[in-house]
Every structure is written in C-alpha cells, then in structure tokens.
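Accompanying notes for the structure given below.
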Amino acid sequence: MRTSWADSVANSASETAVSDKNSLRRPTRSTYVPPHLRNRPASDTPNLSGPASERTSFNGTAGGSQWSRPSMGGGGVTKPELGRHNQVYGYAGAGRGGGGWNNRNGGWDRREREVNPFSDNDEADVTDQAFSEQESSGINFDAYEDIPVETSGENVPPPVNTFAEIDLGELLNQNIRRCKYVKPTPVQRHAIPIVLGGRDLMACAQTGSGKTAAFCFPIISGIMREQYVQRPRVARTAYPLALILSPTRELSCQIHGEAKKFSYQTGVKVVVAYGGAPINQQLRELERGVDILVATPGRLVDLLERARVSLQMIRYLALDEADRMLDMGFEPQIREIVEQMDMPNRGMRQTMLFSATFPREIQRLASDFLSNYIFLAVGRVGSSTDLIVQRVEFVQESDKRSHLMDLLHAQRENVVHGKQTLTLVFVETKKGADSLEHWLCINGFPATTIHGDRTQQERELALRSFKSGKTPILVATDVAARGLDIPHVAHVVNFDLPNDIDDYVHRIGRTGRAGKTGLATAFFNEGNSSLARPLAELMQEASQEVPAWLTRYASRATYGGSKNRRYGGGRFGGRDFRREGSLGRNLDHYGGGGGNSGSAYGVPGNYGGNAPGVSSAWD
DNA sequence: TTAAACA
C-alpha cells in the first residue's frame, strides 16, 4: 500500500518530534528475524544446523592461505567454497535471542583490526563544538519535508518512512545509528526498497541528499545476506561483488569513506582504486579481499587489463554522477567496463544510476545498462524553500577579478563561529584556475586551487586546506563541480559560467548542502548568451529574482537543439524519458517549464495506460 | 574547445 505524500510528511514530522525532544529514548527495535524463519512456531528449530556447523568447522581454517588451498572438487562432503578470507555472511546467530546478521565468526576477527571510522571525526577540523553539536545529523530534515518525489516503472515498491521498517540487518542499523541518521531522506525512502526489491534504478537526486547511503545500504545489506559467496580463486585476482564508479578521484575517495562507515564491523570489505596515487597500495588492499570496489574508470580499466580485478562476480553496479559518466568523454570507457569485460549482463546484476541531472540522451544511453528499471526523481533540495539564493551579475571579462574582490571583501565580514566562511570559485580552465589563485593570494586572499593538472597530492591537500578553513577560498575547475560534499560552503561563485546548464546545477549544489542555506553568484556576459535562456528558466522555477537584462538575453538567444533544454522544469533534475516517448509530442510544452511543472507532475492517472505502476507521491 | 580519467 502506498502512503500519500501528506501522510509521510505527517508521519515523519511526528517522528522528528519524538526523537528530537527525547533523545534519551532509544528507538524501539524489534529483534530481527530472517525471512526464511518468519511465520514459524517458536518451537521450530532453525534450519541452520547443516550449513552452520560446516561453517563453524570451516572457520577453523581461517587465515590459511586462500591461494594455495585446492578447491574441494569431488570430495564426499561438499563443503561450500567460501569466499576469500572465509567471509561468512548470513544468519549464523539467528537461533539465539539476539538474532540477526551474524557474520565473520572466523578464527581471527577482522573487527579487531578494523579502524573505527567513527572515531576520527572529520568534522572536527571544520567546525567548533557548538556548530557540530547542532548539526550532528548533518542533514536539515525540515528542508526535506515538502520535496516532491516521482517514480515510474512497473510495480514500484512502496517507500518506507523509517529505517526500522527496512530489513537492513542489525549490524548495518548500528552503523546508521553511529552516523546519527535519524530517519531516511526522501531518496533513501524510495531507493532503498527499490534496490532491496531487486530492481534496477535510475535516480535523479542531488548529492548531499543522502544519495550515497541510498545505494550503499542495500548493497551492504545484500552482500551480508549472501550466505556463501563462491568466488573463483585465481591468484592475485580480486572478485568484488559490487562496483561503484564515479567520475573524479576525490568523489571516489568520499564514497569510499562513507561506505567504510556504513560497513563497519559488518565484514563487508570496501576498497577504493583511483589514479594519481601509487597503485601498489591499492593492489595490496585488493589482495586482502574486496566486496565493494569504489573506483574511477581509468584506474579500473588498468586493473582489469592487469587481471588484478575481475568483474565476473559483480552483483551490484552503481554509477554515481551517471550523466557525467555517460557523456562524451567517459562513455566509451564506461561501455568498455560494463559491456566488454567479464561483468554479468544486465538482468544478471543489479544496476543503479544516480545523478542530480539526467538529460534525455543520457537516459537513452543508460537504458542499455538497465533492465526493467524504475525511474525515481526526487525534487531538488530547496526547490520550494529556496535554500540556495541565486544571483546573476553582468560582469565583463576584464572586470571579473575586481568584481570578485568586492564579493570577497563583503564575505570577509561574514564570520561564523570565529571562522571565515568558505567560498568556492568555479572557473573554466585549469590555467585560469592557477592564475586566479595566484592573483588572489598576492592580493591578500588565502586561496588554493584544485584541477586536473595538479598532482593528486596537491589536489587532496587543497581540498583539506579548504575544508579546514586554512584557505577559505578554493578556485576550482569542474573537477569539483559534482558530488563533493564540502560542509559549510557559504558561497559558490561562477566566475566563468559553464556551457551546460546541468553543470551549473551541479556547481551551485556545492552550497546549500544537506538542507542548509547557501548563496550562488554568477558572472554573466555576452560569452554566456547560450546559457541565458536555460539559466533564466531555472532561476524562475526556483523562485529566484531574474534580472531584466537576463530575460532580454534569454528572449534574444536562439534556442536550438536539445542541449541546454530542461525536461519537466526545475523541480526535478529530469523526467523519465520512457514517458516522453509514450506521450509523444504532447510533451513539448514541458520543455518550456515556466513554473507549472508541479501540476504537470502531480496529476496522477494521466499516464495510466502508458506506464502501469506509476505512483505519484503527491497523491 | 574545456574538463575528467592510467603509467
């Protein structure tokens, strides 16, 4: 049964009230009962004796060389071949009171070695106590309450309202509590049941809306459920069960960090591989076993060619920032990885694509990777509350620097909790980034820069220095436009506007993160004419003040081609292109957007004949 | 044409 949007808002509002007001009260958590044991009389002996005992005996050999042990070919007792390191996932403890997702009860316990990812509080370098206290959950849920959500596809699993009602497993639930996640964000409420239900997913959701958890939770949970993961034992080749690809190294690092937290003490191993860093350490990590591999495409291809990684055991494939991953620069590589290597075909694996924006062409490409998928669109954070204030100023190329200086001077007054607020300045080129950084520094503004011509060390140092407030100005190319979660960026300046409106959306998304407010200023001049119309539309849809001169530019600008054309207005990053096909030309009026997109989306039943199972959260 | 992604 589907809950209505109003209901879910009411429900979650009441939950917040309870959990916020009385933090001492622990959430009631029922003892987990695995699916195959449910609805049985209490006397029924758990049907675990066979495998469990084998598991126990088998575990004694844990730590032995997994390479040299011959496979148990024709032996009388067919013992399950366990994965590397004898990873045992399953319900070994289900018979006991505590019940649940026991795992890795091996002779040696990795938990002792596993670094506690929750102890090194990476927020600490960013904020003082008062700040982080208040923001411990990291997400301002009030800002999420009225976000519209739309799903389409066949038999869409209904959303959930709490983590408790999802079968994620107790170990993962513990980590969710450690992360101080009180309740799922909209994208999590919808995406997690979809993925747990075994479905493929194309999801439009802004990063910072809890997207990483939305695909990590079901992956980790699913891997924990795999009782016996039989992986080939080929010396020095790693067989991950899940692959998460992202377009930049920093984003891969970030996802890896998150995934480590979520998988802490679950026995699920997460490894990251990206370029610009020595490969040897990554190889060692891989040899120690990997369940979830987070990678950038280039390094992954390298690893595949060296046969140090095989994709033949992949059950889950997630593409983060999928629209970037499938654009001109990346598509061939992604296609090679997904289609030319040894990865199981679509339908034999679960594929999840996430991005804040999903142009139609990209959706068409992406559908090659998907099987009977569900399309999920979560409205932009702040689409109604306007968490990001957008400004456009007409600035000639030659005036940009002094104009930026003015902004930065004003920003200087803006001190929160004794710290200078952070400003992220986007430029078009790598050279431009360097020269602007240099100019800022000699003019007394501590700045650093991140772009693809810098070494990985320099890039990571720049990011740390910015996050810590040591250099509160970061000049960046589009390498920093997507996905990076930098808390407390108060101001995004589009010193050079991008050519593509989607890039603009991603860039300004670096502020107003997790439901907080932010400011985005763009420098516009004749060179950006092609962006005038989509920009004006976007701003109007976001209830921003559109300067009259921009409107004039917009009406003057030729509006050719599908590039820079938005679908379904600004509340979502895209709409299901399968529907557009079925609706034919009628849909053209959506392209213009113009504020009535809400009603266009919200009317249920419009698509009944064409898209069975369509459910609107606005019902 | 930019940018990103392996040595």
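Note on naming: letters A, B, ... go to the chains in the order of the sequence lines (proteins, then strands), and numbering restarts at 1 for each one. Just so it is clear, the values below take in all heavy atoms, side chains as well, and ignore hydrogens, waters and symmetry mates.
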key: Under 4.0 angstrom between A:Thr429 side-chain N/O and B:dT1 OP1 or OP2   = no

Rounded interatomic separation in angstrom, taking CG from A:Asn528 and C1' from B:dT1 = 15 Å

Value in whole Å for how far the C1' atom of B:dT2 lies from CZ of A:Phe495 = 16 Å

Presence of salt bridge, A:Arg507 and A:Asp496, under 4.0 angstrom = no

key: Donor-acceptor under 3.5 Å (A:Asp291 side chain, A:Leu241 main chain)   = no

task = Would you please name every residue forming a side chain to side chain contact (heavy atoms under 4.5 Å, CB included) with A:Lys470, sequence neighbours left out?
result = A:Ser465, A:Ser468

task = For A:Ala522, check side chain to side chain contact (heavy atoms under 4.5 Å, CB included) against everything at least two apart and list the hits.
result = A:Val392, A:Asn494, A:Leu497, A:Tyr504

inquiry  = Students often get this wrong, so: under 4.0 angstrom with heavy atoms, is A:Gly452 touching a base, only sugar-phosphate, or nothing?
reply    = sugar-phosphate

query = Between A:Asp453 (CG) and B:dT2 (P), how many Å, whole number?
reply = 12 Å

request  = Write down the distance between CG (A:Asp496) and C1' (B:dA3), rounded to a whole number of angstrom.
outcome  = 13 Å

Gap between atoms CG and P, on A:Leu300 and B:dA5 respectively (whole Å) = 14 Å

note = Atom CZ of A:Arg507 and atom C1' of B:dT2 are separated, to the nearest Å, by 10 Å

query = Looking for any heavy atom pair under 4.0 Å, which part of the strands does A:Arg249 touch: base, sugar-phosphate only, or nothing?
reply = sugar-phosphate

query = Should the ring pair A:Phe262 and A:Phe217 be called parallel, tilted or perpendicular, given that the plane angle runs from 0 to 90° and is split at 30 and 60?
reply = perpendicular

inquiry  = Students often mix this up, so state it plainly: with edges at 30° and 60°, are the rings of A:His409 and A:Phe445 parallel, tilted or perpendicular?
reply    = perpendicular

message = Please confirm whether the shortest side-chain N or O distance from A:Arg459 to OP1 or OP2 of B:dA5 is below 4.0 Å.
response = yes

task = Establish, with yes or no, whether the OP1 or OP2 oxygen of B:dA4 is under 4.0 angstrom from a side-chain nitrogen or oxygen of A:Thr477.
result = yes

inquiry  = Over all strands shown, is A:Ala433 touching base, sugar-phosphate only, or nothing at heavy-atom distances under 4.0 angstrom?
reply    = nothing

remark   = Residues of residues 301-311 of chain A with a heavy atom under 4.0 Å from any atom of DNA chain B, listed by number, are A:Asp302

request  = Without swapping roles, check the side chain of A:Gln188 against the backbone of A:Ala213 for a donor-acceptor pair under 3.5 Å.
outcome  = no

request  = Could you check how far CG of A:Leu245 sits from C1' of B:dA4, rounded to whole Å?
outcome  = 14 Å

ask   = Counting side-chain heavy atoms from CB outward, which of B:dT2, B:dA5, B:dA4 is closest to A:Glu250?
value = B:dA5

key: Between P of B:dA5 and CE of A:Met325, the distance in whole Å   = 11 Å

query = A:Lys430 side chain N/O closer than 4.0 Å to the phosphate oxygens (OP1, OP2) of B:dA4?
reply = yes

